[in-house]
Amino acid sequence: MSDHVRNADPDAVRFPRAIAHVDGDAFFTSVEQALRPELRGRPVVTGAERGIIACASYEAKAQGVKRGVSLRDARRLCPDLVLLESDYEAYTLFSRRMMNILRRFTPFVEEYSIDEGFADLTGMRRALGRSYGELAAAIRDAVRRELDITVSVGLSTTKCLAKIASDFRKPNGLTLVPQEETRAFLEQVPLADVWGLGPRRVRKLEASGLRTAADFIARDERWIRAMLHKPGWDLWRELRGEAVLAVDTAAWRPRHSIGKSRTFSPPSRDAEAVYARLLRNVAAAFGKLARYDLVAGEIRVQLRAQDFTETETGCRLDPPARAAADALPAVRALFETLFRPGVAYRTTGIALDRLGDANARQAELFEDRRQGERREALRKAVETIHARFGRASVTTATELVLNKSACKEQPRPAARPLRIPTLSHVHRS
Amino acid sequence: MKVKIERTALIAGLQMVQNVVSLRSTLPILYNVLIRADKDSLFLTTTDLDMSVRCQVKAEVEKAGATTLPARRLFNIVRELGDSHVELKLEDNNSTSVSCGSSFFKIMGMADEDFPPMPEAGDSAAYRLEQAAFKEMLRKTHYAASTEETRYILNGVLLSFREGKLTMVATDGRRLALVEQEIEFPKEAEADMVLPSKAVNELLHTLGGEGELSIRAEKNRAMFEYNNVAMSTKLIEGSYPNYRQVIPPECEERIAVDRESLLLALRRVSLVTTDKSNATKLTFAKNKLVVTTTTPDVGEARESVPIKYSGKQIAVAFNPEYVMDPLKNLSNDELYFELTDDLSPGVVKCDMPFLYVLMPIRIT
């Protein structure tokens, strides 16, 4: 697709505020294709581990395979479909690198989700010596060049407009909507494509004769407020170019709970194998905990048997745990109260609760300071290795039984080398 | 059993014992209060198996005897009765009639033989103290005990009778309260015991302001006797951590602070803290203590308390609850903070043998 920079002349009047929305194109499968060049140009889907399609590549979409289609229908539609397990660790790494690229252009970056972010570029035009349109294009090109995935960028005067704009041309699109072109742009946008309007509200508005987003902003303010109340009114103002929603730079953090569970086949009666699978989830959950700089004050373990009966138990972690190693004795004890010999298990799960800030740690009276420091050094070392080489690089010895076991599971995606541009490379440019 | 008793005396007696009654138990008789009439008294006893309380109340006993009745129900009935005297009479099938003026009740109970007997004190030596002093010691320490089941040994208050004094200690592993009092007891009676929090709360609830208290300890139990009450409780078994080693031997700065002013400042500032984010910073600067807190997604607060101070500026973060607890339970006008830096434990003292160590929140 070609770029649609309508007017390269940077102009403070055209963009009283300049907000870019950067949206990964078929993000999960793009990451897979970036990591495995042999998958390029082939129809690929992720989500095999749950039996549903989480993300479909553009090649798959072209053959009618998209999110929500059952795996059986997908195979029928597309016999040479490549089915992959989700590798959230790799997606998260790519996500973080993508956000870091955005931060080279402005400090005001909102990580809206794993594959999309907002960047408030207002005022950066002069500092960086380029027009807003050029900056948006530079973000798009930098992501493609450095991460080998494509993104679509929308640039406009508010978050809502930018979000609609990034969706306007995909993949690898660039859509600029300056202030004076807002109305003309929104005439091409059906109500259903407006961010923040759900199907019910769309039906309600269509019943009043509205068809496009332009019809929506043409309505009187009072009419909108009576019809859709405060959220609808905010949206109305945003679409008219009045920035109501701020770009929220606070890093997103899980507030209440972090959970990891995984189903495996065939089900297993082997206590050590089931325990090893549980530990894999423990490692994943604590990996996530570490990424958000949190500690957990409570842990819960779930086991689901082949007949779908589920058992769960939990306990407090006191002091709160920051690394998986701190919680292992508790996990073992909880597992032993749940596990019944002779029962075949198919799913293990872990949940971390009572999350707290790891950077404000309540010191303990009776702790051995030297031992604490050594444990902290170990935790940091393991975290560094995980960040660099993936979580499979350092695991508990218990988890090793899974590599030898006869379970018919696909090789762990994280076990392959991640050829991701290094951080130093990212910082250099 | 047939007995006549003043209604207010019966209410007072039931109030003394009813906290111990189980709210949830697999043993139905534990919901009941044991009532025994003998000579000129009515003895009311409750138990949750870990702990038993017995209260003696004056009564006109026409016929001695005993039974058990549902404690809460009996208390609720007696509380609502209109006349000044109540008559209790054991009828057939473990039922008891309660008569008072124009009111008549018949309540189903259970046989007294099934009630778990209260362990009686042997002839071991007793420690003797003033009730009021002992209650005050409990009040100044009990809040620091842990409520985490994983720290079983810390779920109570340590009573250490050594070297001619009673040292009382409570800690949850993050802060520690200690208070001492000289008392007389023979050298061979030196002992340590950890009193469970439930017993501590019961004592705080029932100890009076006057009179003596006697404490006897035997193996894993302790017996308390005061006024018309006898209480027996299991002790927490295990070894209490070496609390002496966590008391900082010295500090760099000692700062006097007005207790009431700091408590009010902390109360207000803590209104913007959450469970997840509660670090409250105390900055001791020249003649001014600034209390601040910042909670993401909630807001921030700042309070300033005048102090007399000219030492180095120290900023240290604490859980505000941990600072407020001793402030609420002490009555001195002035307290002393002993501090070194933002990583070292802080100590609160006052003009009596009291000490409170609290660990900071280390912010990185």
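Values reported hereafter were calculated over all heavy atoms of this structure, with side chains retained and with hydrogens, waters and symmetry mates removed. Below, read A as the first sequence line, B as the second, and so on, with proteins coming before strands; counting in each chain starts at 1.
Residue B:Y309 places its OH atom among more than 12 non-hydrogen atoms of other residues, nucleotides or ligands, all under 6.0 Å distant. Within 6.0 Å of the CZ atom in B:R302, the count of heavy atoms belonging to other residues, nucleotides or ligands does not exceed 12. More than 12 heavy-atom neighbours from other residues, nucleotides or ligands sit within 6.0 angstrom of NZ on B:K328. Atom CD of A:E336 sits in a crowded spot, with more than 12 heavy atoms from other residues, nucleotides or ligands closer than 6.0 Å. The number of heavy atoms from other shown groups lying within 6.0 Å of NZ (A:K260) is above 12. More than 12 heavy atoms of other shown residues, nucleotides or ligands fall within 6.0 angstrom of atom CD in A:E310. In B:K288, the NZ atom is not crowded: 12 or fewer heavy atoms of neighbouring residues, nucleotides or ligands sit closer than 6.0 Å.
For B:N242, the part lying near chain A is the backbone, with the side chain staying farther off; criterion is any non-hydrogen pair under 4.5 Å. For B:Y322, the part lying under 4.5 angstrom from a heavy atom of chain A is the side chain only. With a 4.5 angstrom heavy-atom cutoff, B:T274 does not touch chain A via any of its atoms.
In this structure, B:L176 and A:L365 approach most closely via the heavy-atom pair CB-CD1, 3.8 Å. Taking both residues in full, the closest heavy atoms of A:A363 and B:M359 are given as O-CB, 3.2 Å, listed atom of the first, atom of the second, then distance. Nearest heavy-atom pair, B:I361 versus A:A360, reported as atom, atom and distance to 0.1 Å: CG2-C, 3.4 Å. In terms of heavy atoms, A:P320 sits closest to B:R174 at CD-NH2, 4.1 Å. Taking all atoms of both residues into account, the shortest heavy-atom contact from B:P241 to A:F366 is CB-CE2, 3.7 Å.
Under the 4.0 Å criterion applied to side-chain N and carboxylate O atoms, A:E364 and B:R151 are assigned as salt-bridge partners.
The most heavy-atom pairs under 4.5 Å with chain B, out of A:Q362, A:R316, A:E367, come from A:Q362.
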